[in-house]
Amino acid sequence: MPELPEVETTRRGIAPHCEGQVISAVTVRNPSLRWPVPSDLAERVSGKRIQSADRRAKYLLIHLEDGTLIIHLGMSGSLRVITDNAPPMTHDHIDLTLESGTVLRFNDPRRFGCWLWTDSVDRHPLIESLGPEPLSEAFNGELLFQRSRSKKTPIKNFIMDNHVVVGVGNIYANEALFKAGIHPRRQAGRISLDRYRRLAEAIRETLSAAILMGGTTLRDFVNSDGKPGYFAQVLLVYGKTGSPCTQCNTLLKEIRMNNRSTVYCPRCQR
DNA sequence: ATGGCCTCCTGGACGC
DNA sequence: TGCGTCCAGGAGGCCA
């Protein structure tokens, strides 16, 4: 799935097409997503003007006059801008038709994504308890240090916890820990402030670089134009088990953590 | 409260 | 060519 860079890439792709537009129709072909698509979604949003296409964590927030569409792409979702009346394909579950004729089309083979509507997004249970954005001023080494005291969970699990910091998924957790030289299994509560400063910087750098390259496409991520992202070409550890470390030539090792593939350099990461 | 595990679902890769 | 198995970018919810 789309991790934060892929969601941000999607947001930037759809924003110019939908901001200021009025929604003229909603077509739900399959409401069976992670949570059922609200049966009154069409009447909630039809005729409403889109104020902005925003993002919080990996949620796309389509702000309307009187509420917000909360969209998550799950593991396999994509949102594309359709301008040529192309017919819907398999797994094209939802169309948002705009007054301009442009269609925002949601495709999600695994259906782990969601489409919800709320009139108070800041108090929505999926949104209100999220940690800071990794690219904001509020996110830094001090924050990670403070929140990690007495935590026994491994550092990789810790930085993937949305209550700590949002938007760090499996690929970028692996990459950031490698850049910061921290072993993914190290206990979060036993890492120094200094090392947390390096880690916060590594997370920030990794995510920013991925956004600049349009996200990571491993199998099937496409942006709003249906194009892949290019960050996969510069991954340092994820998907590179058995390859030599770019720093020391030691062969990269793979372990499972929470059933997610975890790749690291046994020499550089302590 | 904390941490770890399961689960939702489809499809692609791989081995036999 | 076909079939079974495993794996995948998330993250809420449940259980100990």
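Protein chains get the first letters and strands the later ones, always in sequence-line order, with residue 1 at the start of each. Computed from a prediction, not measured in an experiment: that's the story for all the values here.
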(request) Nearest whole angstrom, please: distance from the C1' of B:dT10 to the CG of A:Leu33. (result) 13 Å

(request) Could you tell me the separation between the CG atom of A:Asn157 and the C1' atom of C:dA11, rounded to a whole number of Å? (result) 13 Å

(message) Enumerate the salt bridge (Lys or Arg N to Asp or Glu O under 4.0 Å) contacts for residues 103-125 of chain A, please, sequence neighbours excluded, ordered by first and then second residue.
(response) A:Asp95-A:Arg105

(message) How many whole angstroms separate atom CH2 of A:Trp115 from atom P of C:dG10?
(response) 21 Å

(message) If you take the centroid of each ring, where Trp contributes its six-membered ring, are A:Tyr238 and A:Phe231 closer together than 6.0 Å?
(response) no

(message) Please confirm whether the shortest side-chain N or O distance from A:Thr153 to OP1 or OP2 of B:dG4 is below 4.0 Å.
(response) yes

(message) So A:Ser32, base contact, sugar-phosphate only, or nothing? Heavy-atom distance under 4.0 Å.
(response) nothing

(request) Whole angstrom is fine here: how far is it from CZ in A:Arg186 over to P in B:dG3? (result) 17 Å

(message) Can you list everything that forms a salt bridge (Lys or Arg N to Asp or Glu O under 4.0 Å) with A:Glu65? Sequence neighbours excluded, please.
(response) none

(request) Ignoring backbone atoms, establish whether A:His72 has a side-chain N or O less than 4.0 Å from OP1 or OP2 of C:dG10. (result) no

(request) State the CG-OH distance between A:Asn162 and A:Tyr59, to the nearest 0.5 angstrom. (result) 7.0 Å

Show every donor-acceptor pair shorter than 3.5 Å between a side-chain atom in residues 14-21 of chain A and any protein atom, with sequence neighbours excluded, or say none if there are none.
residue: A:Glu19; atom: OE2; partner: A:Ala53; partner atom: N; Å: 3.0
residue: A:Gln21; atom: OE1; partner: A:Ser100; partner atom: N; Å: 3.0
residue: A:Gln21; atom: OE1; partner: A:Ser100; partner atom: OG; Å: 3.3

(request) Answer yes or no: are there more than 12 heavy-atom neighbours, outside A:Arg267 itself, under 6.0 Å from its atom CZ? (result) no

(message) What's the closest nucleotide to the side chain of A:Lys151 if the choices are C:dG10, B:dT2, C:dA8?
(response) B:dT2

(request) Would you indicate which nucleotide in C:dA8, B:dG4, C:dG10 comes nearest to any side-chain atom of A:Ser261? (result) C:dA8

(request) Using whole Å, report how far CZ of A:Arg256 lies from C1' of C:dC6. (result) 10 Å

(request) Could you tell me the separation between the CZ atom of A:Arg149 and the P atom of B:dT2, rounded to a whole number of Å? (result) 14 Å

Table please: side-chain donor-acceptor pairs of residues 240-247 of chain A below 3.5 Å, with sequence neighbours left out.
residue: A:Thr241; atom: OG1; partner: A:Glu254; partner atom: OE1; Å: 2.5
residue: A:Ser243; atom: OG; partner: A:Lys240; partner atom: O; Å: 3.2

(request) Report the distance from atom CG of A:Asp108 to atom P of C:dA8, rounded to the nearest whole Å. (result) 18 Å

(message) Between B:dG3 and C:dG9, how far apart are the two C1' atoms, rounded to whole Å?
(response) 23 Å

(request) For the side chain of A:Asn258, starting at C-beta, report the closest nucleotide among B:dC5, C:dG10, C:dA8. (result) B:dC5

(request) Return the nearest nucleotide to the side chain of A:Arg110; candidates are B:dT10, C:dC7, B:dG3. (result) B:dT10

Are any protein N/O atoms closer than 3.5 Å to N/O atoms in nucleotides 12-16 of chain C? If there are, list each pair with its distance.
residue: C:dG12; atom: OP1; partner: A:Tyr59; partner atom: OH; Å: 3.1
residue: C:dG12; atom: O4'; partner: A:Arg34; partner atom: NH2; Å: 2.7

(message) Could you work out, with salt bridge (Lys or Arg N to Asp or Glu O under 4.0 Å) as the rule, every residue matching A:Lys179, not counting sequence neighbours?
(response) none

(request) Decide if atom CG of A:Asp40 counts as having more than 12 heavy atoms of other residues, nucleotides or ligands within a radius under 6.0 Å. (result) yes

(request) Counting Watson-Crick and G-U wobble pairs whose two distances are both under 3.5 Å, find the runs of 3 or more in a row that involve DNA chain B. (result) B:2-8 with C:10-16, B:10-16 with C:2-8

(message) On DNA chain B, does the nearest nucleotide to A:Asn259 precede the nearest nucleotide to A:Ser150 from the 5' side, or the other way round? Give the residue.
(response) A:Ser150

(message) Please enumerate all residues that pass salt bridge (Lys or Arg N to Asp or Glu O under 4.0 Å) together with A:Arg260, with sequence neighbours excluded.
(response) none

(request) Ignoring backbone atoms, establish whether A:Tyr172 has a side-chain N or O less than 4.0 Å from OP1 or OP2 of C:dG9. (result) no

(message) Test of understanding: with side chain to side chain contact (heavy atoms under 4.5 Å, CB included), list the residues that count as partners of A:Lys152, not counting sequence neighbours.
(response) A:Gln187

(message) Given B:dT10, B:dG3, C:dG10, identify the nucleotide with an atom nearest to the side chain of A:Lys152.
(response) B:dG3

(message) By a 5.5 angstrom centroid cut-off and a 30 degree plane limit, is there stacking between A:Phe112 and B:dC9?
(response) no

(message) Strictly below 4.0 Å: does A:Arg111 bring a side-chain N or O up to OP1 or OP2 of B:dC8?
(response) no

(request) Let me know the distance between NE2 of A:His91 and P of B:dT10, rounded to the nearest Å. (result) 7 Å

